[in-house]
A.B. asks: 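Sharing a structure, written as structure tokens. Questions coming.
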Amino acid sequence: PQDAIKQYGADILRLWATSVAYQSDVRISDEIMKQVAEGYRKIRNTMRFVLGNLNDFKASDLVEIKDLPGVDQYMLAKLNELMKAYDEAYANYDFATANQEILNYFTNTLSSFYMDFTKDILYIEDANSPRRRQVQTVLYHHAKTMMKLLSTVLVFTAEELHDHFHCDETKAESIFLEPKYELFDIENEEEVLAYFSKFMEVRKDVLKSMEGLRNEKLIKSNMETKVTLSLKDEYKDIANLKDDLKQLFIVAKVELVDDTTLEEYETSYIKVEKFNGVQCPRCWNYFDEDEMNGELCSRCASVAHRVAE
């Protein structure tokens, strides 16, 4: 154990010990430890992003959950699901499942979805813009909850994260003196989960449809893509997000149509093509020429003007 601690650190050894099936012979090897270390790095890097984007945020800036957009409420609802699954796993002494629940959430929900598209908000919007504060509210709640969840196994990492969490002036001296996490009170939580679960299915098809363009090297990133989307009847209500789909899909443009001749997917009919527009040098998004304000897009020009005042 001392050799493993010297090479990987105590927290990674603890993560390995709680990730193996103790009901049978326990295995350890350099390859296994490297896999555990990779999972640990994912957790640590994700939390670094979360805390880094709370650098100018205080608890007094928190937005009421009822005032958050649907996608933000969805993230807190998913965090509720994680807390429930984590508690259930620990109640059954199933430590490996508890660890996997956290890692899956970091990888599939927080990092590859929410953090991916909110960079466009956190880095581009005015520092005090309401939308940016809404996203920071979600990150704040994730930071508080995740530090407590992680503290069971990653004791040193959780304490270090707590030391660098400067948003809450009333925080306890140690993460281990903080109260247990609590579920968030989200109005119509089941409906929010159901609606955005459908959205995630549509998103999966849109991402799949763009693979061909990337494989043929017609685009360098999805941000260069125009998506023409015709939703099937079961998914028609996703059109309510029409003003946000470009940002949520991280593409250049989304056009909603009613056309069943496009390529069929499980949720919709989709056509993707390279968007011939102008790239804003500040946010890197693509726009039609009439959406530009000089060299910048209208949003970036507005933010730059306020900063210059």
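The first residue in the sequence is number 1, and the count goes up from there. Side chains included, hydrogens not; waters and symmetry mates left out as well; all remaining heavy atoms used.
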A.B. asks: Does some side-chain heavy atom of Phe113 sit less than 4.5 Å from a side-chain heavy atom of Phe196?
C.D. replies: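 SC-SC contact between Phe196 and Phe113 ruled out.
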A.B. asks: Looking at Glu263 and Lys271, is there a salt bridge between them, counting it only when a charged N and a carboxylate O are closer than 4.0 Å?
C.D. replies: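 Here Lys271 does not pair with Glu263 in a salt bridge, since their nearest N and O are not under 4.0 Å apart.
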A.B. asks: For Lys198 and Glu234, indicate whether the former's side chain and the latter's backbone hold a donor-acceptor pair under 3.5 Å.
C.D. replies: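 Yes; judged by distance alone, with no hydrogens or angles, the pair exists.
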A.B. asks: Are Leu241 and Tyr265 joined in one hydrophobic group, where the rule is that I, L, V, M, F, W and Y side chains link up if heavy atoms are under 4.5 Å apart?
C.D. replies: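 Leu241 clusters together with Tyr265.
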A.B. asks: Salt bridge check: are Lys232 and Glu266 linked by an N-O gap of less than 4.0 Å?
C.D. replies: no
A.B. asks: Whether the Ser151 and Glu159 side chains hold a donor-acceptor pair (N or O, under 3.5 Å, no angle test) is what I'd like checked.
C.D. replies: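 Result is no, nothing qualifies.
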A.B. asks: What heavy-atom pair brings His162 and Ile175 nearest, and what distance separates the two atoms?
C.D. replies: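 Taking His162 first and Ile175 second, the nearest heavy atoms are ND1-N, 3.6 Å.
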A.B. asks: Under 3.5 Å, is there a donor-acceptor pair between the Arg306 and Ser302 side chains?
C.D. replies: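 Checked: Arg306/Ser302 side chains pair up, N/O donor to acceptor below 3.5 Å.
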A.B. asks: Before giving the answer on salt bridge (charged side-chain N to carboxylate O under 4.0 Å, His left out), spell out for Arg131 and Asp120 the whole-Å C-alpha distance, their side-chain angles and the decisive distance to 0.1 Å.
C.D. replies: CA-CA 11 Å; Arg131 184 68 190 104; Asp120 185 58; over 6 Å; no
A.B. asks: Please check if the side chain of Asn80 supplies one atom and the backbone of Leu183 the other of a donor-acceptor pair under 3.5 Å.
C.D. replies: no
A.B. asks: Is a donor from one side chain sitting under 3.5 angstrom from an acceptor on the other, for Asn222 and Arg214?
C.D. replies: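 Yes, side-chain donor-acceptor contact under 3.5 Å.
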A.B. asks: Between Tyr195 and Tyr235, does the ring centroid distance fall short of 6.0 Å?
C.D. replies: no
A.B. asks: Whether Glu160 and Arg44 form a salt bridge (side-chain N of Lys/Arg under 4.0 Å from carboxylate O of Asp/Glu) is what I want to check.
C.D. replies: yes
A.B. asks: Could you verify whether a donor N or O on one side chain and an acceptor N or O on the other, from Ser129 and Asp126, lie under 3.5 Å apart?
C.D. replies: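 Note: Ser129 and Asp126 side chains miss the donor-acceptor criterion.
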A.B. asks: Is there a donor-acceptor contact under 3.5 Å linking the side chains of Asp259 and Ser230?
C.D. replies: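 On atom types as modelled, these side chains do not qualify, holding no pair under 3.5 Å.
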A.B. asks: Applying side chain to side chain donor-acceptor pair (under 3.5 Å) to Thr152 and Tyr86, what does each step give before you reach the verdict?
C.D. replies: CA-CA 11 Å; Thr152 311; Tyr86 186 87; 3.1 Å; yes
A.B. asks: Give a yes-or-no answer on whether the side chains of Tyr40 and Thr157 include a donor-acceptor pair shorter than 3.5 Å.
C.D. replies: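 The criterion, which ignores hydrogens and geometry beyond distance, is satisfied for Thr157 and Tyr40.
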A.B. asks: Donor-acceptor pair, Asn92 side chain versus Glu88 backbone, under 3.5 Å?
C.D. replies: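 Flag set: sc Asn92 to bb Glu88 pair under 3.5 Å.
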A.B. asks: Do you reckon Leu218 sits in the same ILVMFWY cluster as Leu262, going by side-chain contacts under 4.5 Å, direct or chained?
C.D. replies: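 Different clusters.
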A.B. asks: Please check: side-chain N/O of Glu101 versus main-chain N/O of Ala85, any donor-acceptor pairing under 3.5 Å?
C.D. replies: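 No, because the side chain of Glu101 does not come within donor-acceptor range (under 3.5 Å) of the backbone of Ala85.
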A.B. asks: If Ile, Leu, Val, Met, Phe, Trp and Tyr residues are connected whenever their side-chain heavy atoms lie under 4.5 Å apart, and connections chain through other members, are Ile219 and Tyr286 in the same group?
C.D. replies: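 Shared cluster, no.
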A.B. asks: Quick one about Gln100 and Asn104 (side-chain donor to acceptor, distance below 3.5 Å, no hydrogens or angles considered), yes or no?
C.D. replies: yes
A.B. asks: So, for Thr225 and Val251, which heavy atoms are closest and what is the spacing to 0.1 Å?
C.D. replies: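 Closest approach of Thr225 to Val251: O-CB, 3.5 Å.
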A.B. asks: Strictly below 4.0 Å, N to O, side chains only: are Lys84 and Glu81 in salt-bridge contact?
C.D. replies: no
A.B. asks: Which residues satisfy the ring pair (Phe, Tyr, Trp, His ring centres under 6.0 Å) test with Tyr114, sequence neighbours excluded?
C.D. replies: Phe117
A.B. asks: Report yes or no: do Gln134 and Asp72 form a side-chain donor-acceptor pair below 3.5 Å?
C.D. replies: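 Not at all, the side chains of Gln134 and Asp72 share no donor-acceptor pair under 3.5 Å.
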A.B. asks: Donor-acceptor pair, distance only, cut-off 3.5 Å: does the side chain of Lys226 make one with the backbone of Val254?
C.D. replies: no
A.B. asks: Is Arg14 reaching over with its side chain to a backbone N or O of Leu154, donor-acceptor style, under 3.5 angstrom?
C.D. replies: no
A.B. asks: Any carboxylate oxygen within less than 4.0 angstrom of a Lys/Arg side-chain nitrogen, looking at Lys274 and Glu224?
C.D. replies: yes
A.B. asks: Does the pair Asn188 and Gln73 meet the rule for a side chain to side chain donor-acceptor pair (under 3.5 Å), with working shown?
C.D. replies: CA-CA 10 Å; Asn188 301 320; Gln73 293 190 22; over 6 Å; no
A.B. asks: Hey, are Thr267 and Asp205 close enough side-chain-wise for a donor-acceptor pair under 3.5 Å?
C.D. replies: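 There is such a pair (donor and acceptor under 3.5 Å, judged by atom type) between the side chains of Asp205 and Thr267.
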A.B. asks: Distance alone, cut at 3.5 Å: any donor-acceptor contact between the side chains of His142 and Tyr105?
C.D. replies: yes
A.B. asks: State, to 0.1 Å, how close Asp163 and His166 come at their nearest heavy-atom pair, and which atoms those are.
C.D. replies: O-CE1, 3.2 Å
A.B. asks: Closer than 3.5 angstrom, by distance alone: can the side chain of Arg282 be matched with the main-chain N or O of Ile124 as a donor-acceptor pair?
C.D. replies: yes
A.B. asks: Any luck finding a side-chain donor-acceptor pair between Ser111 and Lys42 under 3.5 Å?
C.D. replies: yes
A.B. asks: Which atom pair, heavy atoms only, marks the closest approach of Phe165 to Lys171?
C.D. replies: O-NZ, 2.9 Å
A.B. asks: Would one find more than 12 heavy atoms of other residues, nucleotides or ligands at under 6.0 Å from atom NZ of Lys34?
C.D. replies: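 Open: at most 12 neighbouring heavy atoms sit under 6.0 Å from NZ of Lys34.
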